[in-house]
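This report refers to the structure that appears directly beneath it.
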Amino acid sequence: MKPVGPIPPEFVLQQGDLTIAGRSASSWASAATPLFVYDAAIVAARVDRFRAALPSVDLHYAIKANPHPDLLAAVAPLVDGLDVASGGELARALAVKPAVAISFAGPGKRDPELEAAIVSGATINLESEGEAARALTIANRSGLTPNLAIRVNPDVELRGSGMKMGGRPSPFGIDAVRVPALVRHLVASGANWRGFHIYAGSQALDADAIADTQAATLALAGRLADDAGHVPPLVNLGGGFGVPYFAGDHPLDVEHVGRRLGEALATRAPVLADGRFAIELGRWLVAEAGVYISRIVDRKDSGGETFLILDGGLNHQLAASGNFGTVVRRNYPIAIAHRMGDQPTETVSVVGPLCTPLDRLGDRVALPRAEPGDLIAIFLAGAYGATASPAAFLGHPPALERVAS
Ligand SMILES: *Cc1c(COP(=O)(O)O)cnc(C)c1O
């Protein structure tokens with residue numbers, strides 16, 4: 001038997017039928033399975049918690065975590081900005097938020113993407129000097145003043161982070177030593193310089209590690225602004241707030257992050273005195289709001305083990321199979337949807353329908369007994385689920401997505 005991750009607080013105390021946004025899983029699943037259900041009220045609760053803990057910084061939603069249009073429409077009014085990473089995400093963001101509140105990061109932006117951002121008025125977080133030159137050329141040609149920020153490849157990294165994106169050679173951002181010269185060049189070229197974007201990592205659960213990184217990021221922003229001789233209107237301090245996916249993970253103490261950031265802001269460099277600060281979050285806002293529901297198609301024994309075979313698998317929820325950025329495969333929280341709170345009575349492996357041994361969503365997990373026709377719920381499915389999975393692989397239909405708001 002292998003442990004599973006913690007069921008999110010909104011679901012863990014439920015008994016009997018799993019209820020999502022007041023409606024049972026079987027009711028959600030009555031039209032078709034597999035499906036994702038996202039409860040926008042849970043996202044709103046996370047936003048409220050962030051606001052209370054970090055009252056003096058802007059909150060941006062990094063939409064690549066979950067860009068479902070109905071979810072975006074529900075989240076957009078609650079946050080100060082949307083961070084996008086492609087022309088496609090830019091279009092989705094512009095449908096729900098004014099361009100002044102949208103920033104566009106990501107390496108390899110193509111000319112039409114830069115043009116779409118400039119024409120709309122969104123801020124481009126520049127990832128290289130070459131990209132800066134192309135953006136300025138496009139803006140000149142269209143007679144527009146571009147909103148340009150600089151994504152800095154910081155000389156700090158986020159300790160304990162699942163995915164490190166700073167402190168080393170990187171396709172993301174411009175090396176810190178080269179940033180002040182580029183700021184001066186952008187300002188001299190007549191661009192509207194919007195400030196810095198400094199992102200050091202993802203999926204951290206250690207509040208002090210996040211706070212240390214934020215303090216170092218703030219200090220770096222101060223040094224760069226002083227060197228450049230210009231005041232950044234906005235410093236995006238990155239994000240990296242994680243969620244507990246696996247056994248032994250503990251939820252992030254966001255209030256502690258807030259207290260420590262408050263202290264760091266109180267002693268910030270004078271050049272940053274009047275600027276704004278933002279934190280950009282993806283998974284912390286939406287992961288726990290989503291449940292992936294699939295139906296058991298078959299139950300079989302092999303070599304003394306029992307397998308529950310579902311109608312959906314890694315084609316929809318790659319991350320739960322351990323194949324999306326994890327080194328060691330571990331079990332996401334999982335439940336039989338009409339037996340919440342029941343004692344486990346058997347150890348089973350829960351697998352998807354794909355012809356690959358990678359398609360395992362629960363490896364030797366202890367569950368109450370379930371039969372074909374029953375529903376399996378996999379939690380933490382609100383971020384990096386439907387759009388981060390190879391839906392075309394093996395040609396099964398895509399999962400439905402439903403937003404309860
Ligand atoms: C992916 C990404 C995010 C969101 O990361 P989460 O771990 O989902 O919070 C934020 N900012 C940037 C620059 C990213 O690449």
Side-chain angles (χ1 to χ4, degrees), residues 38 43 46-47 49-50 54 57-68 71-72 75 79-86 88-90 93 102-109 117 122-128 131 149-154 156-167 170-174 194-207 209-210 213-214 217 234-246 249 251-252 254 257 277-290 318-319 324-326 380-389:
Y38 313 122
V43 183
R46 299 295 177 275
V47 172
R49 185 168 166 205
F50 180 96
L54 293 100
V57 297
D58 288 355
L59 173 60
H60 291 187
Y61 175 45
I63 82 168
K64 80 171 190 278
N66 189 331
H68 190 277
L71 188 74
L72 270 190
V75 175
V79 298
D80 305 297
L82 297 176
D83 292 335
V84 305
S86 71
E89 287 192 352
L90 175 64
I102 298 172
S103 51
F104 182 1
K109 298 181 198 74
T123 294
I124 298 170
N125 292 337
L126 297 167
E127 303 270 357
S128 73
E131 191 171 274
I150 296 176
R151 179 159 177 191
V152 181
N153 175 26
V156 295
E157 72 177 29
L158 178 47
R159 179 162 51 83
S161 141
M163 214 173 286
K164 296 188 171 65
M165 297 171 83
S170 173
F172 310 111
I174 297 167
R194 300 285 303 131
F196 297 125
H197 174 216
I198 309 179
Y199 188 79
S202 207
Q203 179 50 21
L205 294 171
D206 178 342
I210 290 178
T213 302
Q214 288 175 339
T217 302
L234 178 76
V235 177
N236 180 330
L237 294 167
F241 290 20
V243 290
Y245 287 109
F246 306 118
D249 283 355
L252 176 66
V254 176
V257 174
F277 300 90
I279 286 183
E280 56 177 358
L281 300 178
R283 74 185 76 221
W284 188 83
L285 291 173
V286 296
E288 293 173 310
L318 181 66
F324 187 68
T326 37
L380 279 311
Y384 306 108
T387 61
S389 303

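Read the numbers this way: they start at 1 and go in the same order the structure lists the ligands and their atoms.
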Give yes if a backbone or side-chain nitrogen or oxygen of [X] is under 3.5 Å from a nitrogen or oxygen of ligand 1, and no if not.
{"X": "S202", "answer": "yes"}
{"X": "K64", "answer": "yes"}
{"X": "L281", "answer": "no"}

I'd like to know whether ligand 1 has W284 as a neighbour, heavy-atom separation below 4.0 Å.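 Under 4.0 Å: no for W284.
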Please check this pair: side chain of K109 against backbone of N125, looking for a donor-acceptor N/O pair closer than 3.5 Å.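 Judged by distance alone, yes, a pair lies under 3.5 Å.
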Okay, side chain of S389, backbone of L318: is any donor-acceptor separation there less than 3.5 Å?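 Flag set: sc S389 to bb L318 pair under 3.5 Å.
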For [X], the ligand 1 atoms whose distance to one of its heavy atoms is below 4.0 Å:
{"X": "H197", "value": "13 (C)"}
{"X": "A62", "value": "3 (C), 4 (C), 10 (C)"}
{"X": "R283", "value": "6 (P), 7 (O), 8 (O), 9 (O)"}

Once side chain to side chain contact (heavy atoms under 4.5 Å, CB included) is applied, do any residues pair with A386, and if so which ones, sequence neighbours excluded?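 Side chain to side chain contact (heavy atoms under 4.5 Å, CB included) list for A386, sorted by chain: F36, Y38, E401.
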Find out whether E280 and L59 are in side-chain contact, i.e. whether some heavy atom of one side chain is under 4.5 Å from a heavy atom of the other.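 Side-chain contact under 4.5 Å: no.
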Quick check: do L72 and Y61 have side-chain heavy atoms less than 4.5 Å from each other?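 Yes, close enough: below the 4.5 Å cut-off.
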Classify the contact between Y384 and ligand 1 as side chain, backbone, both or neither, using a heavy-atom distance cut-off of under 4.0 Å.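 For Y384, only side-chain atoms sit under 4.0 Å from ligand 1.
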Anything under 30° is parallel, anything over 60° is perpendicular, the rest tilted; go ahead and classify F241 against F50.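 Rings of F241 and F50: tilted, 30 to 60°.
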